[in-house]
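Following: one structure in structure tokens, then a few remarks.
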Amino acid sequence: MKMPRLYPLLLLLFLLLPPTHAGAASHYLPVDGVTVHYKTMGAGTDTLFFVHGFSCDTSVWKDQYPAFEDYRIISIDLPGHGMSGSPRIKYTQQRFADAIKAVMDAESVDTALLVVHSMGYQIARKLFDSYPGSVSGISIVDGAYFPVPHDAKARDQFQRELWNFVRITSTNETMDEFLGNMRKDTSSEEISRFFTKLMLSTPVHVRISTMRDFCNLATWKEHPQSVPVQAVYAVTPHLSPANEQYLRTQFPNLEYHQWDGVGHFLMMERPEEFNGLLRSFAQKVYGQ
């Protein structure tokens, strides 16, 4: 039988498409004026909820999805990011936490183990504050936070310094300089190109609004949480020597790790090692 003319072209297009996790389903949910995109996959009953960081999307967890098919996986594109809508509204940590809770409700998930990268650390704290009982544990991947000075003068000075990050996100040129610091610590050129392209693709108005809220010290609260927490950090010149000590004041039930030779996207640089740590932590949280 003669092969239809379109068949070779369709086959070529299929081969050129990026690989996707088998069984992944995309969903779209209206949340407070924004259409939020999220993915579900896996066949388990215990939930891992993946939350990306600033100016990223669900693709940063692509090396984790295949390793946890025996769990129920939910991965969100935060409002303004990835395949979610990006209207000209305020993009706040509270909005992001509300979106996560809306997805959990839509999927009938009462409590989940959050796997959070970078800015996701603060979003997890907002979820704690707004929706007590929704978080069974947190895996923090190179989480971003600011220990807030208690002295008023030092606090004001620190706040002025933080506003510089808002300026950095205002153009692609200054943003690329900011990403250059991440690239210096990243062990893979391929991953450097990946996150550079990804983070520059987020709309500028989303980046500015997100960073403005993230850097506003008035939104930061510090109070201990007793749920199990796993933290994995990259050893770079930017990591405070007191990082573990500070995190233990916030999370008494802390499992802490530091890795040499990796950068901010460490779950992509050493996926097998990270997946092993996450699996052992998930088993602890869910009593397996």
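- Contact check for Lys90 versus Asp213: no side-chain heavy atoms found under the 4.5 Å cut-off.
- Electrostatic pairing of Asp105 and Lys101 counts as a salt bridge here, judged by a charged N lying under 4.0 Å from a carboxylate O.
- Taking the side chain as every heavy atom from C-beta outward, Tyr256 and Arg248 approach each other to under 4.5 Å.
- Val116 is not listed as a side-chain neighbour of Val141, based on a closest heavy-atom distance of 4.5 Å or more.
- In this structure a side-chain-to-backbone donor-acceptor pair under 3.5 Å is present from His52 to Leu78.
- Without hydrogens or angle criteria, Thr219 side chain to Asn216 main chain gives a donor-acceptor distance under 3.5 Å.
- Other residues, nucleotides and ligands contribute more than 12 heavy atoms inside 6.0 Å of the CG atom of Asn164.
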Exercise for review: Would you please test Tyr246 and Phe251 for ring pair (Phe, Tyr, Trp, His ring centres under 6.0 Å) and show each step?
Suggested key: CA-CA 9 Å; Tyr246 171 78; Phe251 306 110; 8.7 Å; no
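- Counted within 6.0 Å of NE2 on His223, heavy atoms from surrounding residues, nucleotides or ligands total more than 12; the atom is thus considered enclosed.
- With Asp142 contributing its side chain and Ala234 its backbone, the two residues share a donor-acceptor pair below 3.5 Å.
- Qualifying salt bridge (charged side-chain N to carboxylate O under 4.0 Å, His left out) partners for Glu222, counting only residues two or more places apart in sequence or in other chains: none.
- Atom CD1 of Ile191 and atom CG of Leu198 lie 12.5 Å apart (nearest 0.5 Å).
- Among residues two or more places apart in sequence or in another chain, the side chain to side chain donor-acceptor pair (under 3.5 Å) test is passed with His117 by none.
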Check your understanding: Please walk me through it: do Tyr233 and Glu244 pass side-chain contact (heavy atoms from CB on, under 4.5 Å)?
Key -> CA-CA 9 Å; Tyr233 277 81; Glu244 179 180 0; over 6 Å; no
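- Partners of Arg183 under the side chain to side chain contact (heavy atoms under 4.5 Å, CB included) rule, at least two apart in sequence or in another chain, are Asp176, Leu179, Ser192, Phe195, Thr196.
- Checked by atom type, the side-chain pair Gln93/Arg125 shows no donor-acceptor distance below 3.5 Å.
- Not counting sequence neighbours, the partners of Thr171 by the side chain to side chain contact (heavy atoms under 4.5 Å, CB included) test are Glu173, Thr174.
- With sequence neighbours left out, the side chain to side chain donor-acceptor pair (under 3.5 Å) criterion links Ser59 to Asp57.
- When all heavy atoms of Leu127 and Ala97 are compared, the pair lying nearest together is CD1-O, 3.4 Å.
- Residues Val115 and Val51 are not in side-chain contact: their nearest non-hydrogen atoms beyond the backbone lie 4.5 Å or more apart.
- Looking at Ser188 and Glu269, their side chains never bring a donor and an acceptor atom within 3.5 Å of each other.
- By the 4.5 Å heavy-atom criterion applied to side chains, Ile138 and Leu113 are not counted as neighbours.
- Summarising the geometry, atom CD belonging to Gln225 is positioned 4.5 Å from atom CZ belonging to Phe128; distances are rounded to the nearest 0.5 Å.
- A side-chain N or O of Gln94 and one of Ser130 form a donor-acceptor pair less than 3.5 Å apart.
- In this structure, Ser136 OG and Leu114 CG are separated by 7.5 Å, a value rounded to the nearest 0.5 Å.
- Of all heavy-atom pairs spanning Thr111 and Val135, the tightest one is OG1-C, 3.6 Å.
- Using a cut-off of 4.0 Å between Lys/Arg side-chain N and Asp/Glu carboxylate O, Arg95 and Asp32 are scored as salt-bridged.
- Ala231 and Leu247 get closest at one heavy-atom pair: CB-CD1, 4.1 Å.
- A 4.5 Å side-chain heavy-atom check between Leu217 and Phe158 finds at least one atom pair inside the cut-off.
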Exercise for review: Begin with the C-alpha distance, continue with both residues' side-chain angles, and end with the deciding distance and a verdict on side-chain contact (heavy atoms from CB on, under 4.5 Å) for Phe274 and Met268.
Suggested key: CA-CA 9 Å; Phe274 174 77; Met268 300 181 70; over 6 Å; no
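- Considering OG of Ser170 and CE of Met175, their distance stands at 10.5 Å, rounded to 0.5 Å.
- Under the salt bridge (charged side-chain N to carboxylate O under 4.0 Å, His left out) criterion, Glu107 pairs with Arg72, not counting sequence neighbours.
- Remark: Gln283 pairs with Tyr71, Arg279, Gln288 by the side chain to side chain contact (heavy atoms under 4.5 Å, CB included) rule, at least two apart or across chains.
- Criterion: ILVMFWY side-chain heavy atoms under 4.5 Å apart, direct or through other members. Under it, Ile74 and Tyr28 are not part of a common hydrophobic cluster.
- Residues forming a ring pair (Phe, Tyr, Trp, His ring centres under 6.0 Å) with Trp163 (at least two apart in sequence, or on another chain): none.
- The salt bridge (charged side-chain N to carboxylate O under 4.0 Å, His left out) test applied to Asp129 returns no partner, not counting sequence neighbours.
- Using modelled atom types, one finds a donor on one side chain and an acceptor on the other under 3.5 Å when comparing Asp98 with Tyr131.
- Between Arg207 and Asn172, the side chains place a donor N or O and an acceptor N or O closer than 3.5 Å (distance only, hydrogens not considered).
- For the atom pair CD1 (Ile73) and OG1 (Thr58), the distance works out to 12.0 Å, reported to the nearest 0.5 Å.
- Nearest heavy-atom pair across Ala67 and Asn275 is CB-ND2, 3.5 Å.
- No hydrogens or angles considered: a donor-acceptor pair under 3.5 Å links the side chains of His264 and Ser118.
- By the salt bridge (charged side-chain N to carboxylate O under 4.0 Å, His left out) test, Glu177 pairs with no residue at all, sequence neighbours left out.
- The side-chain hydrogen bond (donor to acceptor under 3.5 Å, both in side chains) contacts involving residues 77-89 comprise His37-Asp77, where partners must be two or more places apart or lie in separate chains.
- Rounded to the nearest 0.5 angstrom, Ile123 CD1 and Phe214 CZ are separated by 8.5 Å.
- Partners of Ala25 according to the side chain to side chain contact (heavy atoms under 4.5 Å, CB included) rule, which considers only residues two or more places apart in sequence or in another chain, are His27, Thr40.
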Practice item. Tell me, with the steps shown, if Tyr65 and Phe50 meet ring pair (Phe, Tyr, Trp, His ring centres under 6.0 Å). Key: CA-CA 10 Å; Tyr65 303 144; Phe50 290 86; 5.8 Å; yes
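- Within the 4.5 Å cutoff, the side chain of Pro79 has no heavy atoms near those of the Thr35 side chain.
- In terms of heavy atoms, Cys56 sits closest to Thr202 at N-OG1, 4.3 Å.
- Ring-centre distance between Trp220 and Phe146: below the 6.0 Å cut-off.
- Ser75 pairs in a side-chain contact (heavy atoms from CB on, under 4.5 Å) with only one of the listed residues (Trp61, Phe49, Tyr38), which is Trp61.
- When all heavy atoms are compared, the tightest approach of Asp185 to Pro237 is OD1-CD, 4.0 Å.
- Within the 4.5 Å cutoff, the side chain of Leu278 has no heavy atoms near those of the Met267 side chain.
- If you check the side chains of Tyr145 and Asn243, you find a donor sitting under 3.5 Å from an acceptor.
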